[in-house]
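Reviewing the structure listed below.
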Number of protein chains: 2
Amino acid sequence: MEHFQRVCREAGAKLTPQRLEIFREVAATGDHPDAETIYRRVRKRMPTVSLDTIYRTLWLLVDLGIIQTLGAGGRERARFDANLDPHHHFVCVQCGSTRDFYSKDFDALALPDSLREIGRVEATHVEARGVCLDCAGKAAKAPPGPKSKSKSNTNTRTV
Amino acid sequence: MEHFQRVCREAGAKLTPQRLEIFREVAATGDHPDAETIYRRVRKRMPTVSLDTIYRTLWLLVDLGIIQTLGAGGRERARFDANLDPHHHFVCVQCGSTRDFYSKDFDALALPDSLREIGRVEATHVEARGVCLDCAGKAAKAPPGPKSKSKSNTNTRTV
DNA sequence: GACTTAAGTGATTATAATAAGCATCCTGTG
DNA sequence: CACAGGATGCTTATTATAATCACTTAAGTC
Ligand SMILES: [Mn+2]
Ligand SMILES: [Mn+2]
Ligand SMILES: [Zn+2]
Ligand SMILES: [Zn+2]
């Protein structure tokens, strides 16, 4: 939050209540919300914000390096992440939820030689894909229906 | 290609020349093209395809598990990948080009314990981000302009 | 190889997400 | 406390992608 205000000032970007709220919202939650979700949440406390300002602000914050975007795979829209510490993500292939996890090992992976002839690596990010405990629990109840009607998810098969 | 035809038959999907061409195109190149790019390329050999068929076919192939999508980060659109072998990606933060690389180590990373309470991991995928040799070369020429006008890229800062 | 039929295609029309334009408003500054 | 330029919200465009539908064609059946 300190950091947020300082960077904004240095960049000559004004500290408006909208920006404060939007940043607060992204930073508050560990999930990685998309623009629409942030809009819904921020509107509860500030009913006048426009979706437009949400988008402008989010990308402004990305450009300022205050937040990041998550590579939204498949048919998903962009997700935002205020966690700038080096970290990695677990993505549930059923429900799409994305959780942070940490690993010093992953932060500094020994890169294969083949990469040398491609480019200079600045950072590595690991995406672990699988089924979250919630979804696994639900699956245990809904027995072995072969044609599971679950329309739930669309981001399977995404690298 | 064999595999492609077999899976289509098993799924009751017809083998049309369009599908053949579209799959061929995705499988032919190591880059990870988006729908529009595939459209342009396929049209050269088959000028009558519609962009619509491109989209329908690509997502069909994804649903059949014959190709994958790449987590298109930032403001990018979805990219497609016919390489189903376990592999990883180098992404250039300047030009956005995405190259495959292989690493047995990365295929089977030792997962931190913290992941246990989140979910069961089925696969890990490493994204190495940095500057590709091409872009590094170009940067070497264009001297030390502090305000580099480069509109080039928009997918920096993407996890 | 002709017959049949459901699936596939292309053209057109719709959605959905995101961006631009502009008049008004408000933050930061003197 | 007045000012000026950036920021907001509304409305209107883009852009990517999906749905409709009439026509075509792949792939079994005889
Ligand atoms: Mn995160
Ligand atoms: Mn690949
Ligand atoms: Zn889940
Ligand atoms: Zn590059």
Side-chain angles (χ1 to χ4, degrees), chain A residues 4-23 25 33-40 42-43 45-64 66-67 69-80 96 151 154-155 158, chain B residues 4-23 25 33-40 42-43 45-64 66-67 69-80 96 151 154-155 158:
Chain A
F4 163 72
Q5 306 198 357
R6 184 159 37 78
V7 174
C8 279
R9 289 224 174 76
E10 282 169 8
K14 289 181 178 168
L15 258 324
T16 67
Q18 287 88 336
R19 285 177 181 168
L20 261 301
E21 275 307 314
I22 292 168
F23 174 74
E25 186 53 51
D34 61 11
E36 188 72 32
T37 302
I38 295 163
Y39 179 47
R40 279 197 307 274
V42 168
R43 213 169 18 165
R45 269 169 287 133
M46 183 182 269
T48 59
V49 274
S50 71
L51 178 56
D52 207 25
T53 295
I54 302 285
Y55 276 110
R56 274 185 302 220
T57 302
L58 287 172
W59 288 115
L60 169 75
L61 298 183
V62 170
D63 289 343
L64 293 181
I66 300 171
I67 65 175
T69 59
L70 243 62
R75 316 186 205 221
E76 286 215 327
R77 36 217 75 77
R79 289 163 159 249
F80 299 85
K151 271 269 191 296
T154 46
N155 40 300
T158 290
Chain B
F4 163 71
Q5 306 198 359
R6 185 160 37 77
V7 173
C8 279
R9 289 224 173 75
E10 283 170 6
K14 290 181 179 170
L15 259 324
T16 68
Q18 287 88 337
R19 285 176 182 171
L20 261 300
E21 277 305 316
I22 292 168
F23 174 73
E25 186 54 51
D34 61 12
E36 188 72 30
T37 303
I38 295 164
Y39 179 47
R40 279 197 307 273
V42 168
R43 214 167 19 164
R45 270 168 287 134
M46 182 182 271
T48 59
V49 275
S50 70
L51 177 58
D52 205 24
T53 295
I54 303 283
Y55 276 109
R56 274 185 300 220
T57 302
L58 287 173
W59 288 114
L60 170 75
L61 298 183
V62 170
D63 288 344
L64 293 180
I66 299 171
I67 65 175
T69 59
L70 242 64
R75 316 184 206 222
E76 286 216 326
R77 33 216 78 76
R79 287 162 160 249
F80 298 86
K151 269 274 189 299
T154 48
N155 41 302
T158 291

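- Taking every side-chain heavy atom of B:Val49 into account, C:dG10 is the closest of C:dG8, C:dG10, D:dA7.
- Distances were taken from every side-chain heavy atom of A:Lys14 (C-beta onward) to each of D:dT8, D:dA26, C:dT27; the shortest belongs to C:dT27.
- For B:Arg77, no side-chain nitrogen or oxygen approaches OP1 or OP2 of D:dT17 to under 4.0 Å.
- Neither OP1 nor OP2 of D:dT8 sits under 4.0 Å from any side-chain N or O of A:Ser50.
- Note on A:Gln18: every side-chain N or O is 4.0 Å or more away from OP1 and OP2 of C:dC26.
- Among the heavy atoms of the strands, none lies under 4.0 Å from A:Glu36.
- In this structure, of D:dA27, C:dG10, C:dA19, it is C:dG10 that holds the atom nearest to the side chain of B:Thr48.
- Whole-Å rounding puts the B:Glu76 CD to C:dA19 C1' distance at 17 Å.
- The phosphate of C:dT9 (OP1 or OP2) has a side-chain N or O of B:Thr16 nearer than 4.0 angstrom.
- Listed candidates were C:dA19, C:dT9, D:dT17. Nearest to the side chain of B:Ala35 is D:dT17.
- No contact: A:Arg9 has no heavy atom under 4.0 Å from any strand.
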Side-chain donor/acceptor pairs under 3.5 Å, residues 10-23 of chain A, sequence neighbours excluded:
residue : atom : partner : partner atom : Å
A:Thr16 : OG1  : A:Arg19 : N            : 3.2
A:Arg19 : NH1  : A:Lys14 : O            : 2.8
A:Glu21 : OE1  : A:Arg45 : NH1          : 2.2

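- The residue from B:Val49, B:Thr57, B:Ile54 that alone fulfils the side-chain contact (heavy atoms from CB on, under 4.5 Å) condition with B:Ile38 is B:Ile54.
- For B:Tyr55, taking side-chain heavy atoms from C-beta onward, the closest of the listed nucleotides D:dA19, D:dA16, D:dA27 is D:dA16.
- Rounded to a whole Å, the CD atom of A:Glu21 is 15 Å from the C1' atom of D:dT8.
- Looking at the side chain of B:Ala78, the nearest of the listed nucleotides D:dT17, C:dT12, D:dG9 is D:dT17.
- Per the geometry, CG belonging to A:Leu58 stands 15 Å off P belonging to D:dA7, to the nearest Å.
- Residue A:Arg56 is classed as a base contact, given a heavy-atom separation below 4.0 Å to a base.
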